[in-house]
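For reference, the structure is listed below as structure tokens.
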Amino acid sequence: MAGKRIVRVVTRRGNLRYEFLPDFARRLEGQIVRSVRRRAKYLVIELGSGDALLMHLGMSGSFRMMRARALKRAPYEHVGHYEHVGHDEHVGHPFTGCRDEYDKHDHVVFEMSNGTVVIFNDPRRFGFMTVLSPAEMQEHSTLAALGPEPLARRFGGTDLAKELGRRRTPLKIALSDQRVVAGLGNIYVSEALHRAGLSPRRRASTLVTRTGEPRPALDDLVRAIKDVLRVAIRNQYRTGVNDPFLVYDREGERCPRRGCGGTIKRIVQGGRSTFYCPVCQT
């Protein structure tokens, strides 16, 4: 999308997690995409107007791209302030002219100036999209409070020590706080802790010395976080697809660490499932 112009935006329903802004499509159409970047679990598309399209995938959101083969438009039905494509009608795809190319969970369509169609699919509709002005981006309470990016070059044990040193909460809870590390989700906290050999029950502050310096175990954890995320990005891991994780959702299975012999256990922390090996994670 970067460097291309947004020709047309189609919202196939009136809401995702939240209602679309009344002028959602109008503020996007005709705009050049200056950049596409990630901040924590958010996607940010910066526009030529200075506005930004802020998006969150929620639990089940994903994008796919298609190439235009024939500019045959679908008969869009206007509902309220948005355009709707009837799911019960056999209509042509707006670009390909093929029948039924939309999935029922395809909720937002972006038609780009190079003929690419970018489609947002979200079965559970926990994702959201909104357009923010520069001032709104600066004042956005959630974005302003986010911690450092775990894959940033400058992110290291010293940074994490500043946050964990004063926390008496379990390590899993602390790492799941987006104010501590931005974008680190439930699955990858469990995976990183297993890789680092650290118990999710361990008190976070025990990884920091009294003078505020990171202990060796904290440096190991930082490396584990980076390694787990890089592998996941490279292999495009997704839950429910070939079960690529070492401990997540593997309750009752043998620990994959060589020579361990322990059994993966599931506990609940902060209302979320945690998977770990009580033998080799201390």
Considering all heavy atoms, the nearest Glu191-Leu246 contact: OE1-N, 2.9 Å

Would a distance-only check, ignoring hydrogens and angles, find a side-chain to backbone donor-acceptor pair under 3.5 Å from Gln269 to Pro200? yes

Do Val181 and Pro148 have side chains that approach each other closer than 4.5 Å (heavy atoms only, starting at C-beta)? no

Would you please test Leu184 and Leu229 for side-chain contact (heavy atoms from CB on, under 4.5 Å) and show each step? CA-CA 9 Å; Leu184 193 58; Leu229 292 177; 4.2 Å; yes

Arg38: what forms a salt bridge (Lys or Arg N to Asp or Glu O under 4.0 Å) with it, not counting sequence neighbours? Glu149

Salt bridge or not for Asp122 and Arg17, using N-O below 4.0 Å? no

Is any side-chain heavy atom of Val208 less than 4.5 Å from a side-chain heavy atom of Leu160? no

Pro214 and Gly157: which non-hydrogen atoms are nearest, and at how many Å? CB-O, 3.6 Å

What is the distance from atom CD of Gln138 to atom OG of Ser133, rounded to the nearest 0.5 Å? 9.5 Å

Between Tyr188 and Val228, which heavy-atom pair has the shortest distance, and what is it? CD2-CG1, 3.3 Å

When you group the ILVMFWY residues by side-chain heavy-atom contacts below 4.5 Å and let the links chain together, are Met137 and Ile32 in the same group? no

For Thr209 and Arg215: C-alpha separation, side-chain torsions, deciding distance, then whether side-chain contact (heavy atoms from CB on, under 4.5 Å) applies. CA-CA 6 Å; Thr209 68; Arg215 297 186 186 276; 3.9 Å; yes

Roughly how far, to the nearest 0.5 Å, is CG of Asp103 from CZ of Arg64? 6.5 Å

Within the distance-only criterion (no hydrogens, no angle test), does the side chain of Gln31 pair as donor or acceptor with the backbone N or O of Ile6 below 3.5 angstrom? no

I need the Leu221 CG to Leu175 CG distance, nearest 0.5 Å. 5.5 Å

Got more than 12 heavy atoms from elsewhere within 6.0 Å of CZ, Arg254? no

Determine, for Asp220 against Arg195, whether the closest basic-nitrogen to carboxylate-oxygen distance falls under 4.0 angstrom. no

Derivation and outcome, side-chain contact (heavy atoms from CB on, under 4.5 Å), residues Lys41 and Leu43: CA-CA 7 Å; Lys41 298 180 182 180; Leu43 292 175; over 6 Å; no

Set out, in order, the CA-CA distance, both residues' side-chain angles and the distance that settles side-chain contact (heavy atoms from CB on, under 4.5 Å) for Tyr42 and Phe128, then state yes or no. CA-CA 10 Å; Tyr42 297 90; Phe128 72 82; 3.6 Å; yes

Using the six-membered ring wherever Trp is involved, compare the ring planes of Phe63 and Phe110 and label them parallel, tilted or perpendicular (cut-offs 30° and 60°). tilted

Please check this pair: side chain of Asp159 against backbone of Gly156, looking for a donor-acceptor N/O pair closer than 3.5 Å. yes

Centroid separation His107 to Phe120 less than 6.0 Å: no

Less than 4.5 Å apart, any side-chain heavy atom of Met129 and any of Leu16? yes

Report the residues that fulfil salt bridge (Lys or Arg N to Asp or Glu O under 4.0 Å) with Arg153, sequence neighbours left out, ordered by chain and then residue number. none

In the single-linkage hydrophobic clustering (I, L, V, M, F, W, Y; side-chain heavy atoms under 4.5 Å), do Val118 and Leu28 co-cluster? yes

Could you tell me whether a side-chain N or O of Glu46 sits under 3.5 Å from a main-chain N or O of Val33, the two making a donor and an acceptor? no

When clusters are formed by joining ILVMFWY residues with side-chain heavy atoms under 4.5 Å apart, either directly or through shared neighbours, do Val108 and Tyr18 land in the same one? no

So, for Ser205 and Gly165, which heavy atoms are closest and what is the spacing to 0.1 Å? CB-O, 3.5 Å

Minimum-distance pair of heavy atoms, taken over all atoms of Arg39 and Ala182: NH1-CB, 3.5 Å

Shared hydrophobic cluster for Leu193 and Phe155 (ILVMFWY, side-chain gaps under 4.5 Å): yes

Mind checking whether Arg67 and Thr116 have side chains closer than 4.5 Å, heavy atoms only? yes

Heavy atoms, side chains only, cut-off 4.5 Å: are Arg125 and Arg13 in contact? yes

Give the cluster check for Leu47 versus Leu54: same hydrophobic cluster or not, with ILVMFWY residues linked at side-chain heavy-atom distances below 4.5 Å. no

Distance-minimising heavy-atom pair for Val131 and Glu136: O-OE1, 4.0 Å

Rounding to 0.5 Å, atoms CG (Leu218) and CG (Leu207) come to a distance of 5.5 Å

If you define the side chain from C-beta out and look only at heavy atoms, does anything of His194 sit under 4.5 Å from Cys280? yes

May I ask you to check whether Lys172 and Thr274 show a side-chain donor-acceptor distance below 3.5 Å? yes

Donor-acceptor contact below 3.5 Å, side chain Arg166 vs main chain Lys162: yes

Can you find a pair of side-chain heavy atoms, one from Leu198 and one from Thr282, that are under 4.5 Å apart? no

Nearest-0.5 Å distance, CD of residue Glu29 to CZ of residue Arg8: 7.5 Å

Look at the rings of Tyr248 and Phe245 and say which category their plane angle falls in: under 30° parallel, 30 to 60° tilted, over 60° perpendicular. perpendicular

So, Thr169 versus Arg167: side-chain donor-acceptor pair below 3.5 Å or not? no

Is Glu251 salt-bridged to Lys265, cutoff N-O under 4.0 Å? no

Considering only NZ, NE, NH1 and NH2 on the basic side and carboxylate oxygens on the acidic side, decide whether Arg210 and Glu213 come within less than 4.0 Å. no

Walk me through it: do Tyr276 and Arg201 pass the test side chain to side chain donor-acceptor pair (under 3.5 Å)? CA-CA 10 Å; Tyr276 76 109; Arg201 295 177 179 268; 3.0 Å; yes

Rounded distance (nearest 0.5 Å) linking atom CG of Leu21 with atom CD of Glu19: 10.0 Å

Got a sec, which residues hit salt bridge (Lys or Arg N to Asp or Glu O under 4.0 Å) with Asp51, two or more places apart in sequence or on another chain? Arg27

Regarding Gln281 and Ser199, do their side chains bring together a donor and an acceptor under 3.5 Å, going by distance alone? no

When you compare the side chain of Val279 with that of Thr263, does any pair of heavy atoms fall below 4.5 Å? no

